Number of protein chains: 2
Amino acid sequence: MNGRLAILPHYATITDVARAAGVSVRTVSRVLNKSPKVGEETRRTIEGVIANLGFQPSLRARGLAARRSFLLGVVQGYQNAHVVGVLQHGIVEVCSGAGYELLVHPVSVQDPRLADNLRDFVRRTHVDALVVLPPVSEIAAIPRLLARLSVPSVGIAAVRDPAYPAMLVTAERDAASMVADHFVSLGHRRIAMVTGPMKFYSASEREQGFRIALERADILLPPSYVREGNYSFESGLAAAIGLLSLPDRPTAIFAGNDIMAAAVLKVARDLKIDVPDKLSIAGFDDSDIASMLSPAITTIRRPLIEIAREATRRAITLVEGDAHSLPDHHIALSLIVRQSTAPLGN
Amino acid sequence: MNGRLAILPHYATITDVARAAGVSVRTVSRVLNKSPKVGEETRRTIEGVIANLGFQPSLRARGLAARRSFLLGVVQGYQNAHVVGVLQHGIVEVCSGAGYELLVHPVSVQDPRLADNLRDFVRRTHVDALVVLPPVSEIAAIPRLLARLSVPSVGIAAVRDPAYPAMLVTAERDAASMVADHFVSLGHRRIAMVTGPMKFYSASEREQGFRIALERADILLPPSYVREGNYSFESGLAAAIGLLSLPDRPTAIFAGNDIMAAAVLKVARDLKIDVPDKLSIAGFDDSDIASMLSPAITTIRRPLIEIAREATRRAITLVEGDAHSLPDHHIALSLIVRQSTAPLGN
DNA sequence: CTGAAAGCGCTTACAG
DNA sequence: CTGAAAGCGCTTACAG
């Protein structure tokens with residue numbers, strides 16, 4: 001059935017190295033695992049042979065023997081390819097530095113068989129740890145399942161869940177408050193919001209942070225000024241049309257992500273409402289599009305690369321150290337002011 | 001050093017299944033590998049036990065024994081997170097269906113040690129096959145290295161390279177011709193282009209396709225009307241400023257990707273040049289941003305998901321079938337006309 | 001149609 | 001500081 005098997009390349013094995021160096025396999029293994037109990041000269045000889053042969057220990061053989069796979073998994077949703085792409089790069093970077101490889105496992109938040117799917121993935125691959133990205137990280141069953149399977153996991157989310165052995169908590173509520181303060185400081189009073197899907201913490205945290213900061217400034221966010229979107233451009237269009245055709249239309253709109261902010265900008269342009277003279281717009285994510293629109297969009301930046309690196313470091317610490325859990329790590333976000341927000345025009 | 005090893009979960013193994021089913025390990029293995037030589041009743045018993053125990057065969061043990069890893073790798077560059085993200089989803093989808101997992105391996109096109117890096121990756125992980133995305137796929141050394149390592153690879157690129165056992169060739173030259181024809185049909189004669197980095201085939205193919213189609217319409221693309229960018233927004237800004245401050249400025253501009261098209265749009269707006277009344281703009285990629293700008297950008301769509309799926313199917317065919325190479329697969333692209341292009345205003 | 005044995009390439013107690 | 005043996009969880013000829 002597979003004629004190629006016959007001509008598979010015979011990569012150098014640990015046995016080849018041992019023979020060439022005139023030592024036992026055990027000693028080569030010690031060098032690979034940086035055991036201190038190897039003579040300096042022996043070590044140097046072996047390292048020379050390894051370099052010569054271009055020997056790379058087989059991860060699966062190491063894994064089988066050592067009960068470690070040297071594989072990390074990233075569990076991600078299907079939305080927001082840009083955010084996922086950037087996070088992945090940060091994760092892979094730290095993985096490579098530490099001798100791990102990265103397996104991607106996209107799942108659908110709606111999938112009723114998600115738990116089984118994830119369990120089978122863990123059993124098949126024996127990943128050493130998982131990094132769970134938002135919004136999948138918010139599904140309460142996931143960290144609990146992973147705990148039962150004894151696989152360390154690091155969650156990245158806007159709200160802490162004690163079921164994760166380690167978490168990176170992004171201060172999205174505070175960030176949304178910063179947007180509100182920014183609008184208020186520009187003199188706006190009629191302020192509205194397009195939220196993400198309120199079933200996600202990311203959306204409800206942003207909404208609450210925004211609302212609370214406005215209340216501190218004695219500004220109400222009436223129901224007619226709050227529209228729920230689902231983070232898509234289309235939902236942003238619908239929400240914006242609703243808000244901007246109100247008799248008493250807002251002078252500032254905060255969208256729960258940049259994509260919906262782009263939609264608000266488009267609707268404003270179609271309605272000949274000048275941005276930022278007649279309408280200020282802010283988004284969330286600092287995705288590439290925010291700076292490519294004109295006017296460029298004021299937004300909230302999450303330090304994605306740093307988040308990814310830190311999450312991965314923690315995952316590896318959980319695998320290699322002897323702590324079963326790590327304290328939460330809080331990530332502060334920052335407001336990036338661009339041309340889409342301005343003082344309220346007379 | 002690692003206290004947790006002691007409490008590692010004992011996932012069910014093939015031995016557990018064999019014992020519970022009262023058969024030999026060999027027979028369970030036959031069921032796992034869908035061998036026809038198993039009695040119907042025996043098979044059913046074993047399948048029942050497997051479901052009961054939630055048994056999942058360990059990929060690494062299978063791999064070690066069968067000289068297969070059930071791992072596919074995707075080699076990707078660092079740019080264009082959106083395109084990479086979409087392609088990855090298509091790849092994973094087909095992988096899962098066929099029992100493979102996906103390992104991501106980002107590399108830098110500039111890295112002088114790229115070949116060694118990739119070789120070590122292949123030796124460590126024993127991936128069964130690789131899918132190589134553009135622009136990494138254009139580096140001539142890569143398919144040749146992979147051939148020496150006897151690992152099947154599928155390249156995705158704008159130009160065929162016979163060193164790949166299988167290729168998906170995207171008809172980017174033809175697509176660029178379609179943009180030129182579109183401009184011409186709208187009455188434009190002063191037509192310019194912002195190219196990608198000309199060291200990449202993706203960029204030179206687009207440039208040539210565009211130029212050739214214009215020549216067919218007796219329109220010249222003078223040197224002053226061609227600016228080289230590097231696919232980034234900033235490079236697009238610089239190119240657009242150059243083109244739009246020309247005494248005889250163009251009435252239509254084709255940008256080598258949507259990001260640079262967005263930059264052209266921004267510069268036009270800053271210079272109060274109405275799009276599309278005074279200037280038509282087209283991009284390439286149909287990335288999410290193309291439809292989010294206003295006016296929405298006319299662009300070329302690559303069927304990314306279908307490309308990813310087809311590449312993965314071919315990779316798996318190379319692994320499981322007995323063909324050492326497959327005929328090239330050509331992918332036609334399509335022109336998506338939106339609001340950024342219009343008949344030449346008087 | 002089914003099974004006992006060897007082996008994939010490593011690591012890990014156990015000796016020395 | 002170094003080595004011979006067993007074993008990780010599977011598959012693969014080889015027998016029957």
Side-chain angles (χ1 to χ4, degrees), chain A residues 1-3 5-6 8-46 50 53 55-71 99 123-126 128 320, chain B residues 1-2 5-6 8-46 50 53-71 99 123-126 128 320:
Chain A
M1 170 182 174
N2 193 325
L5 284 183
L8 264 189
H10 177 250
Y11 298 151
T13 70
I14 195 173
T15 312
D16 300 328
V17 175
R19 186 161 25 220
V23 300
S24 77
V25 162
R26 178 66 184 96
T27 303
V28 178
S29 175
R30 281 198 185 86
V31 171
L32 292 178
N33 293 288
K34 311 206 184 308
S35 154
K37 317 175 162 186
V38 180
E40 194 48 45
E41 192 172 345
T42 315
R43 150 165 289 122
R44 248 194 287 279
T45 309
I46 294 176
I50 288 177
L53 267 49
F55 167 71
Q56 285 280 320
S58 157
L59 247 33
R60 62 192 185 199
R62 296 187 86 170
L64 190 56
R67 280 78 182 285
R68 298 242 328 252
S69 64
F70 300 93
L71 255 30
R123 290 187 172 164
R124 271 196 311 271
T125 61
H126 292 256
D128 285 337
E320 301 186 347
Chain B
M1 172 184 174
N2 193 324
L5 283 183
L8 265 188
H10 178 250
Y11 298 151
T13 70
I14 195 173
T15 312
D16 299 329
V17 175
R19 186 160 25 220
V23 299
S24 77
V25 163
R26 178 67 185 95
T27 304
V28 178
S29 174
R30 282 197 184 86
V31 171
L32 293 179
N33 293 288
K34 310 209 184 305
S35 155
K37 316 176 163 187
V38 180
E40 193 48 44
E41 192 172 343
T42 314
R43 150 165 289 121
R44 248 194 287 279
T45 309
I46 293 177
I50 287 177
L53 266 48
F55 168 71
Q56 285 280 320
S58 159
L59 247 33
R60 62 192 186 199
R62 296 187 84 170
L64 190 56
R67 281 77 182 288
R68 298 238 333 248
S69 63
F70 301 93
L71 255 30
R123 290 187 173 165
R124 271 197 312 272
T125 61
H126 293 254
D128 285 337
E320 301 186 348

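It should be emphasised that the depicted structure is a prediction, and the values quoted were computed from it without experimental measurement. Lettering follows sequence order; numbering is per chain, from 1.
Panel note: side chain Thr45(B), backbone Ala21(B); no donor-acceptor pair is recorded below 3.5 Å. Not one N or O on the side chain of Arg62(B) forms a donor-acceptor pair closer than 3.5 Å with the backbone of Phe70(B).
Summarising the geometry, atom CD1 belonging to Ile14(A) is positioned 12.5 Å from atom CG belonging to Leu53(A); distances are rounded to the nearest 0.5 Å.
Across Ser69(A) and Leu59(A), no two heavy atoms sit closer than the pair O-CG, 4.2 Å. Between Ala18(A) and Ser24(A), the shortest heavy-atom distance links the atoms CB-C, 3.8 Å. Across all their heavy atoms, Tyr11(A) and His126(B) have their closest contact at CD1-CE1, 3.4 Å.
For Arg43(A), there are no side chain to side chain donor-acceptor pair (under 3.5 Å) partners two or more places apart in sequence or in a different chain.
Contact annotation for Phe70(B): no contact, since no heavy-atom pair falls under 4.0 Å across all strands.
Between Leu64(A) atom CG and dT12(C) atom P the separation is 12 Å, expressed in whole Å. Atom pair Ile14(B):CD1 and dG7(D):C1' shows a separation of 16 Å (rounding to whole Å applied). Rounding to whole angstrom units, CG of residue Leu32(A) and P of dT12(C) are separated by 11 Å. Ile46(A) places its CD1 atom 11 Å from the C1' atom of dC1(D), with the value rounded to the nearest Å. Rounded to whole Å, atom P of dG9(C) lies 17 Å from atom CG of Leu59(B). In this structure, Asn33(A) atom CG and dG9(C) atom C1' are separated by 13 Å, rounded to whole Å. The nearest whole Å value for the distance from the CZ atom in Arg60(A) to the P atom in dC10(C) is 10 Å. Between the C1' atom of dG9(D) and the CD atom of Gln56(B) lies a distance of 14 Å, rounded to the nearest Å.
Of the residues listed (Val28(B), Leu32(B), Thr13(B)), the one engaging Pro57(B) in a side-chain contact (heavy atoms from CB on, under 4.5 Å) is Leu32(B), and it is the only one. Just one of Arg68(B), Arg67(B), Glu320(B) meets the side-chain contact (heavy atoms from CB on, under 4.5 Å) condition when paired with Asp128(B); it is Arg68(B).
For Thr13(B) and dG9(D), the shortest distance from a side-chain N or O to OP1 or OP2 is not below 4.0 Å. Taking 4.0 angstrom as the limit, Ser58(A) places none of its side-chain polar atoms (N or O) nearer than this to OP1 or OP2 of dC10(C). Here Thr42(A) reaches the OP1 or OP2 of dT2(D): one of its side-chain N or O atoms lies under 4.0 Å away. Put simply, Ser24(A) has no side-chain N or O that comes within less than 4.0 Å of OP1 or OP2 on dT2(D). Contact check, Thr27(A) against dT2(D): no side-chain N or O comes under 4.0 Å of OP1 or OP2. Put simply, Arg67(A) has no side-chain N or O that comes within less than 4.0 Å of OP1 or OP2 on dC8(D).
A residue-by-residue look at His126(B) and Gly39(B) shows that Gly39(B) has its nearest nucleotide of DNA chain C further toward the 5' end. Mapped onto DNA chain C by nearest heavy atom, Ala61(B) and Val23(B) fall at different nucleotides, with Val23(B) at the one closer to the 5' end.
No more than 12 heavy atoms of other residues, nucleotides or ligands lie within 6.0 Å of CD in Glu41(B), so this atom counts as exposed by the packing criterion.
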Between protein and nucleotides 13-16 of chain C, what N or O pairs are separated by less than 3.5 Å?
residue: dA13(C); atom: N6; partner: Arg26(A); partner atom: NE; Å: 3.2

Pairs under 3.5 Å (Watson-Crick or G-U), crossing ones as [ ], inter-strand ones as |: DNA chain C comes out as |||.||||||||.|||

